[in-house]
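In what follows, a single structure is set out as structure tokens and then discussed.
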Amino acid sequence: FSLTVLMLSGGLLLLVAFGAWSWSNARANLVTDLRVSSALAASAVHSRFTSVAANLPDIADRLSRQPDKAARYQLMRRFVRYHTDVRALGVFTPNGRLIMHTRRPLDTALPDIAQLPEYAAIVQRALRSHDISIGKSLPSLMDKGRVIPVFYVQRDAAGRPQFMVMATLQLADIVHDWQSIALPRDAAIGLLRTDGIHIARVPAPDPERLYNMPMTGILMRMLGQKPNQPSGLFEGWVQSDFTYRLGWYVQIAGFPLVVYISVPASVIWKEWWDTSGPLLMLGLLAVAIMGSLSRLLYDRELHHRRELASRARHDLLSGLPNRLAAQEWIAGQLDTPHQEFCLLQIDLDHVHELNSGLGHHAGDEVLRRTAQRLSQLAQEQNAFLAHLGADEFLFSLPASTLISAHGIARQVQEQINEPILLDQRSVRVTAGIGIACYPYDGEQDIELLRAVDSALQLAKSEGPGSVSFYDPVIPRESGARISFREAIERALAENEFELHFQPVVNLASGLPLYVEALIRWRDPERGLVQPMEFIPLAEATGRIRAISNWVLHRACATYAQWETAGKALPLSINIDAEYFQSPQLIMDVDQLVRQYCIPRDALQFEITETVLMKHTERSTGTIEALRELGVSIAIDDFGTGYSSLSYLRHLPVQVIKIDRSFIAGLDQGERDISIVRSVTAMAEAFQCHTVAEGVETQSQLDTLRSLGVEMAQGFLFSHPLPERELHAYLQTATMPQI
Ligand code: C2E
Ligand code: MG
Ligand code: MG
């Protein structure tokens, strides 16, 4: 590109240089023309005036010696006949009266010069002169046209004027001489007396004005400065037509006369343009063509390079940015330090089996669809998605923390788990996800990519569908985990957790029976954080115990307060897997029940189906121990796990909470209706109560009632409420139509 610029500017420079050179050339040529032409014009003038000037003293002398008047007249007539330059001869008395003129017969009345002020002034001036004197351009006394009078005074021995001879030259004759000279275009040619009076000029648009006006322009100034210079160049503003002109003047030797030829300065440009214009235009055209050609080539090259760069940064199959692009993105993020961000490396499980079972095109299609879904999620989350190759993707979350990254990891899994229809066959895919965070798990792009990859390997080793954090050296805890643990500890210490309560309503009476305690985190930076955003993460990082313990304590304390205030309501508390499986739970409950004097059946624990099914025997023991302490047990999110009926039969649970995905499906058709119907029938057989979770519409409520479900919980009745709002709600609670 710089070469092109260099070439173009070189070309332009050359053109400018050529232009300047040809301009000065044009000027020099013009000056030469002016010089030659003015020399010719001057020589014509010179010959006319010398022929007159050389003969005037002679004829005057002969006239003075001729006593006879008629003979004098004849002498003059003969003189005029032989000297074709001279138009007429006249004789004046020493006091300026015209007494003889060859254009008039002898002794006829002649014009009275005293009455003609122009003539009178000239004649008086000539009478005072001791040499040949040249008048000025005047209208002829006797004919049409202008004449130039030349005078000679004949004096006696004492120098007194005896008479004066006047020879008139015709202006037309001088002009005629000049017309045969080749002149530059727009040229003006003129004859000046050195005192500034014009004798002749072509063109002469306003002769009266021109021949009476004393010149003071540039030429006169030059003559004033260098009176002895025989010829020269002049350039400047001239007076005769007020234009800026360039000219050459020549002084007429022996006479106070100057011939000049001048042209308007613009003629140089015209001459220049006439000779070099086409060439310059051609040159400019060439430069322009060269310029646009190289521009075109440059653009193509650039496009080509961009295309290559883009291809180098995109995956062929999915069209997504590839590893290189991801690395650049990370490097870009690192340019703004102190900004946390997380990377999620996603690896689809069992793609090999898919490829060998359904063929490679099926595997490719799964990857493409997954890429599409992830792209959409990335767009929503303002994340950067890359396809690292094969079945691996990288989901990069700018300005994110470990907590939000874990939440996104779950959403990613949900997206991936959605069935994919392949040739009318529904395929389900799962994925392992590794998470690494800047700056905890690495401070360089390569380091971070390595960290997230090893986090992914950890997740893969934990089985399909797992999420794992980066754990650099096994005994050492990951930086991101430490940061999360610190946040939880701060939340506990600073009292940032709080409980909200959602009523569970009896469908027969329409009255709230009890409330479910649901935790919230009022984080000073992020505002109110929902449990789904930190409970799974707390479970994954082993921080759930402290939280569950806080919930249990807080719930018991709250119950005791309510009881003192006379508005006690049974409480249902969510217990996580770890706490449920630890003997500590029984000890804690025992202690709290006694500490707060909590009556039997005031507390219910919600445990998810999967947890209960994991170690059924141990679960049974725990449940029985809790029963003894007066705590009843509900299976939470029933229907999402894989309950085995035979196991369920042995579990002494009191309540089954039907997962809200089935309730949401009630409006959509028979399938979920029959599921809820069979769950209700089963509950009846096991002598359990049923709670429908997530009831949002009246029609869901109607269906549930018709199916014989006993209790319900959902936004239709109330959202989870802070304590203060809960009591206000309970006072005014009226059921939707039951
Ligand atoms: P969960 O135990 O199944 O709690 C019910 C969830 O459903 C609550 O979400 C509640 O707000 C929501 N919900 C209630 N009615 C409706 C409805 O009509 N429509 C919809 N779409 N949702 C409804 P929340 O409070 O975000 O809690 C989510 C989960 O977090 C809980 O599910 C539970 O598994 C866990 N969790 C909440 N608090 C605690 C806690 O103190 N300890 C433990 N270990 N887990 C908790
Ligand atoms: Mg629950
Ligand atoms: Mg639930």
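Every number for a ligand or one of its atoms is a count from 1 in the order of the listing.
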Legend entry - D637 and ligand 1 - part of the residue with a heavy-atom distance under 4.0 Å: side chain

Inset, instruction - Evaluate the side-chain proximity of V505 to L511: yes if any heavy-atom separation is below 4.5 Å, no if none is. - result: no

Legend entry - L518 and ligand 1 - part of the residue with a heavy-atom distance under 4.0 Å: both

Inset, instruction - Below 4.0 angstrom from a heavy atom of P720, which ligand 1 atoms are there? Numbered from 1 as shown, please. - result: 11 (O)

Inset, instruction - Give the numbers and elements of all ligand 1 atoms closer than 4.0 Å to a heavy atom of E693. - result: 3 (O)

Inset, instruction - For ligand 1, note which part of T608 has a heavy atom under 4.0 Å away: side chain, backbone, both or neither. - result: neither

Inset, instruction - Within a distance under 4.0 Å of any heavy atom of D576, pick out the atoms of ligand 1 and give their elements. - result: 44 (N)

Inset, instruction - Return yes if a side-chain donor-acceptor contact under 3.5 Å exists between D636 and T608, otherwise no. - result: no

Inset, instruction - Measure the spacing between CZ of F580 and CG of L626 and express it to the nearest 0.5 Å. - result: 6.5 Å

Legend entry - Backbone or side-chain N/O/S of E693 under 2.8 Å of the Mg ion (ligand 2): no

Inset, instruction - Could you list which atoms of ligand 1 come closer than 4.0 Å to a heavy atom of V695? - result: 18 (O)

Inset, instruction - Could you list the atoms of ligand 1 found under 4.0 angstrom from a heavy atom of V551? - result: 41 (O)

Legend entry - Interatomic spacing from CG in L507 to OG1 in T690 - rounded to 0.5 Å: 8.0 Å

Legend entry - Min N/O separation I519 to ligand 1 under 3.5 Å: yes

Legend entry - Worked verdict on K567 versus L730 for side chain to side chain contact (heavy atoms under 4.5 Å, CB included): CA-CA 10 Å; K567 45 187 181 185; L730 289 176; over 6 Å; no

Legend entry - Atoms of ligand 1, numbered as shown, that sit under 4.0 Å from any heavy atom of E516: 1 (P), 2 (O), 4 (O)

Legend entry - More than 12 heavy atoms of other groups within 6.0 Å of R526 CZ: yes

Inset, instruction - Restricting to N/O/S, name the atom of E606 that gets closest to the Mg ion (ligand 2). - result: OE1

Inset, instruction - Could you tell me whether H500 approaches ligand 1 through its side chain, its backbone, both or neither, with non-hydrogen atoms closer than 4.0 Å? - result: neither

Inset, instruction - Heavy-atom distances under 4.0 Å are what count here, so tell me which part of R660 touches ligand 1: side chain, backbone, both or neither. - result: side chain

Inset, instruction - Of the side chain and backbone of H719, name the one, both, or neither that has a heavy atom under 4.0 Å from an atom of ligand 1. - result: neither

Legend entry - Atom nearest to the Mg ion (ligand 2) - D636, N, O or S atoms considered: OD2

Inset, instruction - For Q411, look at atom CD and say whether over 12 heavy atoms of other residues, nucleotides or ligands are found less than 6.0 Å away. - result: yes

Legend entry - Distance-only donor-acceptor check, side chains Q604 and Y514, under 3.5 Å: yes

Inset, instruction - Answer yes or no for R520: is there a heavy-atom contact with ligand 1 below 4.0 Å? - result: yes

Legend entry - Test log, rule ring pair (Phe, Tyr, Trp, His ring centres under 6.0 Å), inputs F497 and F534: CA-CA 11 Å; F497 291 119; F534 62 92; 5.7 Å; yes

Legend entry - Sub-4.0 Å atoms of ligand 1 with respect to non-hydrogen atoms of E696: 17 (C), 18 (O), 19 (N), 20 (C), 21 (N)

Inset, instruction - Under 4.0 Å from a heavy atom of P531: give me the atoms of ligand 1 that qualify, with their elements. - result: 24 (P), 25 (O), 26 (O), 27 (O), 28 (C), 30 (O), 37 (C)

Legend entry - Short side-chain donor-acceptor distance under 3.5 Å, E606 and S572: yes

Inset, instruction - Would you check if the Mg ion (ligand 2) lies under 2.8 Å from any N, O or S atom of N574? - result: yes

Inset, instruction - Enter the distance from R410:CZ to Q415:CD here, rounded to the nearest 0.5 Å. - result: 13.0 Å

Inset, instruction - Before signing off on this row, confirm whether D636 and ligand 1 have an N or O atom pair separated by under 3.5 Å. - result: yes

Legend entry - F715 N/O to ligand 1 N/O under 3.5 Å: yes

Legend entry - Passing candidate, side-chain hydrogen bond (donor to acceptor under 3.5 Å, both in side chains) with S548, options D588, D576, N574: D576

Legend entry - Reference residue Q713; test side-chain hydrogen bond (donor to acceptor under 3.5 Å, both in side chains); the match among R660, E693, Q502: Q502

Inset, instruction - Please find the N/O/S atom of E516 nearest to the Mg ion (ligand 2) and write down its name. - result: OE2

Legend entry - M711: which of V691, V695, L704 passes side-chain contact (heavy atoms from CB on, under 4.5 Å): V691

